[in-house]
Amino acid sequence: MTATKAQEHTIRYLLLVLCVISLSLLLIGFRYQQDTGKKNDMMLIRLVVGPLQVNCFILADDKTREAVIIDPGDDAQEILKIVKDKGLKVKYIVNTHGHFDHLGANKALKEATGAELLIHEGDAPMMASAQMQSRAFGMNTTSSPQADRFVKHGDMIRAGEVSLKVLHTPGHSPGGISLLEQGMVFTGDALFAGSIGRTDLPGGDLMTLLRSIKTNLMTLPDDTRVYCGHGPASTIGEERNENPFLNRQSGFD
Ligand SMILES: [Zn+2]
Ligand SMILES: [Zn+2]
């Protein structure tokens, strides 16, 4: 009898271990599926807008059609045409920073879609003075409404399968942010292909910008795609090796 009980006990123990193992495998499998499925389920559209050629990005969930628009600097009608043609429900408009060239279409887009407008608090005063900034550059940008909500480092911005993690990357401006998705990062005017943002505008600081890039962007995997506020896309690896402000020859540590 004692032997049978011991056997029973062993069998029960083994069953429990098996259960735990299969549950873990199931969870790992589910996560993997979610991660790999994400890119396929997401659409990414780039538009070059306004006289300063800002990259405006539309990220949308293929199934739910929920979308986030990053830096609608100008050309609201063009952006809205895409929104309509693709049947998108814009949940958020995010400004990577408060410079006028990145937010000229905020007002029209917000009015047309009812989306929530997000920015980092550090650039809220800049956002409020967008029209004045643009006049200093001989342009006349439409003023932006105030942000509905401030985002900070570590926040997640979600619209269906789109989930952007906020990285605070000041230096080009005090409230500059980058937005991290799986395998890609939107860097605004902090990091460009082969260059970095200018730091001579109010609130700019070179050492702060270099620190932001090194801490929050250069720590990403080499194959992370970099989508910049102006100009072509790149990868973290390319910038690590080629960017004269960041590679070993830069002289900045
Ligand atoms: Zn800028
Ligand atoms: Zn810009």
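In listed order, ligands and their atoms are each counted from 1. Source: prediction; values computed, not measured.
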To the Zn ion (ligand 1), the closest N, O or S atom belonging to Asp189 is OD2

>> Treating Asn243 as the side-chain partner and Ile196 as the backbone partner, does any N or O pair qualify as donor plus acceptor under 3.5 Å?
In response: no

Asp205 and Thr199: side chain donor to acceptor below 3.5 Å:
no

Discussion item. Less than 3.5 Å apart, any donor N or O on the side chain of His97 or His120 sitting next to an acceptor on the other?
Written reply: no

The Zn ion (ligand 1) -> His99, closest N, O or S atom is ND1

Taking the Zn ion (ligand 1) as the apex, His97 NE2 and His172 NE2 span an angle, rounded to 10°, of 100°

Classify the side-chain pair Thr141/Gln131 by whether it contains a donor and acceptor separated by less than 3.5 Å. no

min-distance N/O/S atom, Asp101 vs the Zn ion (ligand 2), resolves to OD2

